[in-house]
Amino acid sequence: MNRTKIIIMIAIVVAAITLIYSFIGQDDTSYITKIQKQREEKDRFMRTASDSPFADNFAAYKGLNWFAPDKKYQVKARLIAVENKKMVELPTSDGKTKRYMEYAYAEFKLDGKEQRLLILEIIDMGPYKGTLFLAFGDETSARETYGAGRYLDVKKPRGLSTVILDFNEAYNPYCAYNDKYSCPLPPTENLLTIPIYAGEKNYKSN
C-alpha cells in the first residue's frame, strides 16, 4: 500500500472518530440542557405556584440543591413482573400508612452491583390513580440527600420488558420542605446498597 493511500485511510478514520465524538457531545449537551430546564421549571413552581409547599411563605424559599447531571445515573432496568400481586402499606412521615399495589421490579446494575427496586401502583381514587410510584433510599440518605428517601417518576411501559430510570430526576417529597405534608417512606426493599450522587440534594432552609 503506497503512502498516499495510507494517508487517505488515516484521514478517513480520524474524520469518522471526530464525527462520532461530536454526536456523543451533542447528545450529552442536549441531555444536560433538558435536565437543567426541568430544574428551572421546578424552581419556578416552588417560587410561584399556589400548590407549592412554600405557598404560605414564598419569601422563605431558598432554592433547591442538585447534584450535577450525570448520564451514568440514567439506567435501563429490566422489568420483572410480580406474580400474585398484593397490597403494600407504606408508613408515612406523620405516622400513618398509605396503600399501594405491587406493579413490577426494576433490576439494573450500577457501579458493578446488581440493584433491585419495587415499583408500586397508586390505587387511591383521584387524579393519580393508576400511575406508578417509586420511592428509594441510598447511601447518601441522611447525608447529602433527604433522610426519608427520594422519589422518582416512572411512566407505565406498554408491552416493554425494560424501563429507563433517570436518577438525575430524583426529587424530594414535600415533607422535606414542610412538615404539614404526609409523605410515604420507601419500602425496605428499595434501600439501595450504593450511593446515588444524582438528583436533588438536601434542602437548606438557612
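What you see is a predicted model; the values in this text were computed from it and never measured. Positions are given from 1 along the sequence.
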Go through Asp166 and Ile35 one step at a time and tell me if the side-chain contact (heavy atoms from CB on, under 4.5 Å) criterion holds.
-> CA-CA 10 Å; Asp166 193 342; Ile35 294 298; 4.1 Å; yes
Between [X] and [Y], is any pair of side-chain heavy atoms under 4.5 Å apart?
X: Thr140; Y: Lys201; answer: no
X: Tyr105; Y: Ile119; answer: no
X: Tyr103; Y: Val154; answer: no
X: Asn65; Y: Asn202; answer: no
X: Tyr100; Y: Pro187; answer: no
X: Pro195; Y: Glu144; answer: no
X: Glu169; Y: Lys34; answer: yes
X: Leu117; Y: Leu152; answer: no

Has [X] got more than 12 heavy atoms of other residues, nucleotides or ligands less than 6.0 Å from its [atom1]?
X: Lys76; atom1: NZ; result: no
X: Lys109; atom1: NZ; result: no
X: Lys71; atom1: NZ; result: yes
X: Tyr128; atom1: OH; result: no
X: Asp179; atom1: CG; result: no
X: Lys86; atom1: NZ; result: no

Sub-3.5 Å donor-acceptor pair from the side chain of Thr48 to the main-chain atoms of Arg44, do we have one?
-> yes
I need the [X] [atom1] to [Y] [atom2] distance, nearest 0.5 Å.
X: Glu121; Y: Glu102; atom1: CD; atom2: CD; result: 11.5 Å
X: Arg99; Y: Met87; atom1: CZ; atom2: CE; result: 4.5 Å
X: Thr193; Y: Leu110; atom1: OG1; atom2: CG; result: 9.5 Å
X: Leu79; Y: Glu107; atom1: CG; atom2: CD; result: 9.5 Å
X: Thr131; Y: Leu120; atom1: OG1; atom2: CG; result: 11.0 Å
X: Asn168; Y: Gln74; atom1: CG; atom2: CD; result: 7.5 Å

Shared ILVMFWY cluster between [X] and [Y], side chains joined below 4.5 angstrom?
X: Leu165; Y: Leu192; answer: yes
X: Phe67; Y: Phe136; answer: yes
X: Ile196; Y: Val163; answer: yes

Locate the shortest heavy-atom distance separating [X] from [Y]; write the atom from each residue and the value.
X: Val82; Y: Ala104; answer: CG2-CA, 3.7 Å
X: Tyr203; Y: Ala60; answer: OH-O, 3.5 Å
X: Ala106; Y: Ala77; answer: CB-CB, 3.9 Å
X: Pro186; Y: Gly149; answer: CG-CA, 4.1 Å
X: Leu185; Y: Ala148; answer: CD2-CB, 3.7 Å
X: Pro157; Y: Leu132; answer: CD-CD1, 4.4 Å

Identify which one of Arg143, Lys113, Arg150 satisfies the salt bridge (charged side-chain N to carboxylate O under 4.0 Å, His left out) criterion when paired with Asp138.
-> Arg150
Among all residues two or more places apart in sequence or in another chain, which pass the ring pair (Phe, Tyr, Trp, His ring centres under 6.0 Å) test with Tyr181?
-> Tyr174
Looking at residues at least two apart in the chain, or sitting in another chain, which of them share a ring pair (Phe, Tyr, Trp, His ring centres under 6.0 Å) with Phe108?
-> Phe167
Are Arg78 and Glu114 ion-paired here, with the side-chain N under 4.0 Å from a carboxylate O?
-> yes
Given Val75 and Gln115, is the side-chain contact (heavy atoms from CB on, under 4.5 Å) satisfied, shown in steps?
-> CA-CA 11 Å; Val75 301; Gln115 304 294 328; over 6 Å; no
Identify which one of Phe54, Tyr171, Tyr61, Tyr146 satisfies the ring-ring contact (aromatic ring centres under 6.0 Å, His included) criterion when paired with Tyr177.
-> Phe54
Could you pull out all residues at least two apart from Lys98 that satisfy side-chain hydrogen bond (donor to acceptor under 3.5 Å, both in side chains)?
-> Asp124
Hey, mind stepping through Leu64 and Glu200 against side-chain contact (heavy atoms from CB on, under 4.5 Å) and telling me if it holds?
-> CA-CA 7 Å; Leu64 303 180; Glu200 190 173 352; 3.5 Å; yes
